[in-house]
Engineer: 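Okay, handing you the structure first.
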Amino acid sequence: YRLSIKRKLRSKRFLFDPFHDVPMYRKQAAVQSDICFFTAVTKENIQIKKENPMRHVMSPLDFSVEELDQIFNLANDIEHHMDKYAHACAGKKLATCFYEPSTRTRLSFESAMLNLGGSVLGFSDANSSSATKGESVADTIRVISCFADICAMRHSKEGAPMVAASHSSIPVINAGDGGHQHPTQTLTDLLTIRSIKGSIGSFTIGLCGDLKFGRTVHSLIHALMRYENINFIFISPMELRIPDYITDLLKEKNIPYKEV
């Protein structure tokens, strides 16, 4: 429900908590104009959102190989029949919460949502959010959950999107967290490989550059590990070589690789 309030009303009028046992990110309304709106979401509405069958996307491993094939088939259908999906997300809102600068990733999320008939809101830098005032990721996502249907989050700290997902009542997509994961970029890479080669598997792939901190590389390696007959060649200077935890995992799974 929505309450219209006057600027001169004292803050004690807003000390009610419509969430009851759900922590509020603010319990007082910050009034910056003569009339403002305070939007409250009841516990019943939160419960409805929690029953949403959609899932969080933190890693490419959140999908099975079979599910990835279904996603790629759907992506191909969207590419060739865009009119068919022009209103697929009509009435839905995507929140892009980017705590670090991004051009390609943020705009790709926003353009995709607009192409599907939805709308977009959010912020493109932590300095333009309440994080500058000390607000936590957990509190931010609680608020975002009231205004959007899905959230794409990029953060400089590894694991931040996972923290958000654990406190969110809407699906959260990891749009890149530190040097950890970048699942949607991996899905794009896998789709590109499949479109060029016809399938995923039975090939040698060379990965070159910053292999130590490159989250896109880490996500892609983890995803390709599940396909048959994949050989890796890692090309980088010694100071940017692939992390040991990845090479240890490759050895454990008897997947051949070479570092040059």
Side-chain angles (χ1 to χ4, degrees), residues 19 22-26 39 41 45-46 49-63 67-68 71 75 89 91-116 118-191 213-220 222-223:
F19 288 83
V22 179
M24 287 280 285
Y25 88 108
R26 289 285 187 273
T39 302
V41 177
N45 287 337
I46 294 176
K49 286 191 174 184
K50 284 186 176 178
E51 294 173 356
N52 193 322
M54 296 182 68
R55 292 145 53 179
H56 302 298
V57 180
M58 297 291 108
S59 162
L61 301 183
D62 290 338
F63 299 105
E67 287 175 324
L68 289 179
I71 292 174
C89 291
K92 302 296 183 180
K93 295 185 286 293
L94 163 70
T96 50
C97 300
F98 278 60
Y99 287 83
E100 62 178 7
S102 170
T103 300
R104 289 168 292 277
T105 301
R106 182 174 62 85
L107 292 183
S108 66
F109 272 112
E110 294 180 354
S111 63
M113 191 60 172
L114 294 174
N115 288 338
L116 294 172
S119 54
V120 178
L121 66 159
F123 53 86
S124 59
D125 188 272
N127 291 329
S128 60
S129 76
S130 292
T132 57
K133 297 183 289 185
E135 183 173 277
S136 68
V137 168
D139 284 340
T140 296
I141 195 62
R142 288 189 185 102
V143 176
I144 297 297
S145 297
C146 300
F147 302 119
D149 300 286
I150 190 169
C151 173
M153 177 177 288
R154 166 168 286 188
H155 205 287
S156 59
K157 295 183 179 179
E158 299 178 2
M162 180 68 75
V163 172
S166 67
H167 293 85
S168 176
S169 56
I170 60 174
V172 176
I173 299 175
N174 180 3
D177 59 332
H180 186 219
Q181 295 282 346
H182 199 335
T184 56
Q185 178 63 58
T186 295
L187 298 184
T188 303
D189 294 339
L190 292 176
L191 178 60
F213 302 105
R215 56 193 169 204
T216 55
V217 173
H218 300 167
S219 285
L220 182 58
H222 278 94

Engineer: Only counting residues at least two apart or in another chain, list the ones meeting side-chain hydrogen bond (donor to acceptor under 3.5 Å, both in side chains) with Glu110.
Structural biologist: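 Per chain and number, Glu110 pairs via side-chain hydrogen bond (donor to acceptor under 3.5 Å, both in side chains) with Thr96, Arg106.
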
Engineer: Under the side-chain hydrogen bond (donor to acceptor under 3.5 Å, both in side chains) test, which residues partner Thr186, sequence neighbours left out?
Structural biologist: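 Expected list: none.
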
Engineer: Can you tell me if His56 uses its side chain to pair, donor with acceptor, with the backbone of Val172 under 3.5 Å?
Structural biologist: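 Present.
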
Engineer: With distance as the sole test, does Ser136 use its side chain to make a donor-acceptor pair with the main-chain N or O of Asp139 at under 3.5 Å?
Structural biologist: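 It does hold such a pair.
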
Engineer: Does atom CE of Met58 have more than 12 heavy-atom neighbours, drawn from other residues, nucleotides or ligands, at distances under 6.0 Å?
Structural biologist: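 Atom CE in Met58 is crowded, with more than 12 foreign heavy atoms closer than 6.0 Å.
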
Engineer: Got a sec, which residues hit side-chain contact (heavy atoms from CB on, under 4.5 Å) with Leu61, two or more places apart in sequence or on another chain?
Structural biologist: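 With neighbours one apart ignored, the set is Ser59, His222, Arg226.
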
Engineer: side-chain hydrogen bond (donor to acceptor under 3.5 Å, both in side chains) with Asn174: which residues, sequence neighbours excluded?
Structural biologist: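 Per chain and number, Asn174 pairs via side-chain hydrogen bond (donor to acceptor under 3.5 Å, both in side chains) with Asp177.
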
Engineer: What pairs with Ser119 under side-chain contact (heavy atoms from CB on, under 4.5 Å), at least two apart in sequence or on another chain?
Structural biologist: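 Lys93.
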
Engineer: Distance alone, cut at 3.5 Å: any donor-acceptor contact between the side chains of Ser156 and Glu100?
Structural biologist: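 The answer is no; no qualifying pair exists.
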
Engineer: Measure from the side-chain N and O atoms of Ser219 to the backbone N and O of Thr216, and report whether any donor-acceptor pair falls under 3.5 Å.
Structural biologist: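 Checked: no pair found.
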
Engineer: Report yes or no: does Thr188 contribute a side-chain atom to a donor-acceptor pair with the main-chain N or O of Thr184 at less than 3.5 Å?
Structural biologist: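 At least one qualifying donor-acceptor pair exists.
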
Engineer: Does Asp125 have any side-chain hydrogen bond (donor to acceptor under 3.5 Å, both in side chains) partners at least two apart in sequence or in another chain, and if so, which?
Structural biologist: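 For Asp125 the side-chain hydrogen bond (donor to acceptor under 3.5 Å, both in side chains) partners, ignoring immediate neighbours, are Asn127.
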
Engineer: Enter the distance from Leu190:CG to Leu220:CG here, rounded to the nearest 0.5 Å.
Structural biologist: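 Reported to 0.5 Å precision, the distance equals 6.0 Å.
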
Engineer: Going by heavy atoms in the side chains, are Met113 and Cys89 under 4.5 Å from each other?
Structural biologist: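 Met113 vs Cys89: side chains touch.
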
Engineer: Strictly distance-based, threshold 3.5 Å: is any side-chain N or O of Arg154 a donor or acceptor partner for the main-chain N or O of Thr105?
Structural biologist: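 Checking the backbone N and O of Thr105 against the side chain of Arg154, no donor-acceptor pair under 3.5 Å is found.
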
